[in-house]
Amino acid sequence: MPFPHASEALSRFTVLDLTRVRSGPTCVRQLADWGATVIKIDALTEDAGGEQPGGPRQGSDFQNLHRNKRAMTLNLKDERGLAVFKRLAARADVVVENFRPDVKKKLGIDYESLAAINPRIVYGSISGFGQDGPYHKRPGFDQIAQGMGGLMSITGAPGEGPMRVGIPVADLTAGLFCAMGILTALLEREVSGKGQWVQTSLLQAQIFMLDFQAARWLMEKEVAKQAGNNHPTSIPTGVFKTSDGYINIATTGGRIWERCAQAIGAPELYSHPDYATAPARSKNRDALNAEIEKRTVTKSTETWVRELNEAGVPCGPIYAIDQMFEDAQVKHLGIAQDVPNDEGRHIRLVGQPVTLSRTPSKMVARPPEFGEQTDEVLKEFGFGTEEIAKLRDAKVV
């Protein structure tokens, strides 16, 4: 049986996946989920018993990163393995890697080497700090990028020191940006007929994600500070206690602030000189938040969510992850999806957050076992049965 495609959108493309841990697999997951034929290259030096960088192969993290792919084993440190990889690359559309910049050159699988045999190849690279420059040989990790990229300096409560974000945001965004770059290069290839090298790094991705906070410095020379749960510019926006938990309330502009004051039964706050204008509310944010919380603690989160939304005031509950997946709108969106598998295992993962009307993405295949489709893939690329047997005997695959 042919391997199923998760979508028809990218089904004409073949991707060789050399990635590990998180940022690279995040990139390739985008391509796999939109239907590309993805071949994960499992290094023979890995522990086939299950422990991988990022957790066990059948653990939730690995499963979520590597669905909709096939896998083959290959020893790239053997010259015969390198020759096999180059035969694959000669017919592939995309190669993605997140080695340290010097590793791929030592292995002989850098962009220049592969472009010499396949000028149409699109080669995606993710590193910690970039492919060159003073830090390019340093190993990169998400939290280091969060710190160096400025994010930890604006996360957390004022005066409590730097705080990491609760998700690996630099890893994830670097992966997403690399996928975007690869898709852009594939579109451009339709015009030029030529591939190119797509590069990003955890540091670049993290800086880009600072967005308006970075622009405040570049344009106005204003260094953003930690603001805790308060929005840095729109006041009042933040977290407020209720009788049974917490709620987020967000006001943008005077009209919504007026509706908010009315809805919480405190119209006098809207006309109070300390809170009447945006600059005044920003200056007196702590006092204003305290006044609002005096009212919000009198009712439940569910009641406030209903009443504030009815009044046209943006708000929402603050869920733990299990509560989030039980929310009616989350269920309606269908982002938690079951993965079919012949073994009858329970595999339920996070689907794509984007929908396409004609070529949607879906879960069609569980993540592959270590080198599960090695022979199948090699045959598709023109390797004969005897040739494959010899490669196995030599421990090349």
Verify whether one side chain among [X] and [Y] offers a donor that lies under 3.5 Å from an acceptor in the other.
| X | Y | result |
| --- | --- | --- |
| Arg164 | Gln143 | yes |
| Thr19 | Asn98 | no |
| Glu307 | Thr303 | no |
| Trp304 | Thr296 | no |

Inter-residue atom distance [X].[atom1] - [Y].[atom2], 0.5 Å rounding:
| X | Y | atom1 | atom2 | result |
| --- | --- | --- | --- | --- |
| Ile335 | Leu349 | CD1 | CG | 11.5 Å |
| Met72 | Lys40 | CE | NZ | 12.0 Å |
| Ile126 | Asp171 | CD1 | CG | 8.5 Å |

For the backbone of [Y] and the side chain of [X], can you confirm whether one donor and one acceptor N or O come within less than 3.5 Å of each other?
| X | Y | value |
| --- | --- | --- |
| Gln352 | Val354 | no |
| Thr251 | Pro236 | yes |
| Thr374 | Thr73 | yes |
| Arg29 | Asn64 | yes |
| Asn68 | Val364 | yes |

Starting from Leu65, walk the hydrophobic network (Ile, Leu, Val, Met, Phe, Trp, Tyr; side-chain heavy atoms closer than 4.5 Å) and list everyone else you reach, by chain and number. none

Heavy atoms from other residues, nucleotides or ligands near [atom1] of [X] exceed 12 (cutoff 6.0 Å):
| X | atom1 | answer |
| --- | --- | --- |
| Met152 | CE | yes |
| Glu386 | CD | no |
| Glu188 | CD | yes |
| Glu79 | CD | no |

Please say whether the positively charged group of Arg91, taken as NZ for Lys or CZ for Arg, lies over the ring of Phe381, i.e. under 6.0 angstrom from the six-membered ring centre and within 45 degrees of the axis.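 Geometry flag: set, cation within 6.0 Å and 45°.
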
Do Arg57 and Phe370 meet the cation-pi criteria used here (NZ or CZ under 6.0 Å from the six-membered ring centre, within 45° of the axis)? no

Are [X] and [Y] close enough for a salt bridge, meaning some N to O gap below 4.0 Å?
| X | Y | result |
| --- | --- | --- |
| Lys331 | Glu326 | yes |
| Lys390 | Glu387 | no |
| Asp274 | Lys283 | no |

Arg392: which residues meet the side-chain hydrogen bond (donor to acceptor under 3.5 Å, both in side chains) condition with it, sequence neighbours left out? Asp375

By side-chain hydrogen bond (donor to acceptor under 3.5 Å, both in side chains) - contacts of Glu258 (at least two apart):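 Scan of Glu258 (side-chain hydrogen bond (donor to acceptor under 3.5 Å, both in side chains), adjacent residues dropped) gives Arg255.
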
Residue pairs fulfilling ring pair (Phe, Tyr, Trp, His ring centres under 6.0 Å) with at least one residue in residues 137-183, sequence neighbours excluded: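 Applying ring pair (Phe, Tyr, Trp, His ring centres under 6.0 Å) to every pair that reaches into residues 137-183, excluding sequence neighbours, yields Phe177-Phe208.
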
Do any pairs count as a ring pair (Phe, Tyr, Trp, His ring centres under 6.0 Å) and have a residue in residues 222-248, sequence neighbours left out, and if so which ones?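 Sorted result for residues 222-248: empty, none.
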
ring-ring contact (aromatic ring centres under 6.0 Å, His included) against Tyr275, all qualifying residues, sequence neighbours excluded: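 With neighbours one apart ignored, the set is His272.
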
Applying side chain to side chain contact (heavy atoms under 4.5 Å, CB included), can you list everything that pairs with Ile167, at least two apart in sequence or on another chain?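 Here the qualifying residues are Val165, Val169, Leu172.
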
For Arg345, give me all partners under side chain to side chain contact (heavy atoms under 4.5 Å, CB included), at least two apart in sequence or on another chain.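 Testing Arg345 for side chain to side chain contact (heavy atoms under 4.5 Å, CB included), a comparison that skips the adjacent residues, returns Gln58, Gln63, Asn341, Glu343, Ile347, Arg366, Glu369.
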
Return all side-chain donor-acceptor pairs below 3.5 angstrom for residues 220-227, not counting sequence neighbours, or 'none' if the list is empty.
unit_1, atom_1, unit_2, atom_2, d
Glu222, OE2, Arg216, NH2, 2.3
Gln226, NE2, Thr155, O, 2.8
Gln226, NE2, Gly161, O, 2.6

Between [X] and [Y], is there shared hydrophobic-cluster membership here, with clusters defined by ILVMFWY side-chain heavy atoms closer than 4.5 Å?
| X | Y | answer |
| --- | --- | --- |
| Val330 | Val350 | yes |
| Ile388 | Leu76 | yes |
| Val15 | Val84 | no |

Salt bridge (charged side-chain N to carboxylate O under 4.0 Å, His left out) filter on Asp78, not counting sequence neighbours, yields Arg80

Which of these passes side chain to side chain contact (heavy atoms under 4.5 Å, CB included) with Thr14: Thr37, Leu88, Val94? Thr37

Can you give the donor-acceptor pairs under 3.5 Å from side chains of residues 113-123 to other protein atoms, not counting sequence neighbours?
unit_1, atom_1, unit_2, atom_2, d
Ser113, OG, Asp110, OD1, 2.9
Ser113, OG, Asp110, OD2, 3.4
Asn118, OD1, Arg120, N, 3.1
Asn118, ND2, Ala89, O, 2.9
Asn118, ND2, Ala90, O, 3.4
Asn118, ND2, Ala92, O, 2.9
Tyr123, OH, Ile109, O, 2.7

Distance-only donor-acceptor pairs under 3.5 Å for side chains of residues 309-323, two or more places apart:
unit_1, atom_1, unit_2, atom_2, d
Asn309, ND2, Val305, O, 2.8
Tyr319, OH, Asp327, OD1, 2.5
Gln323, OE1, Ala320, N, 2.8

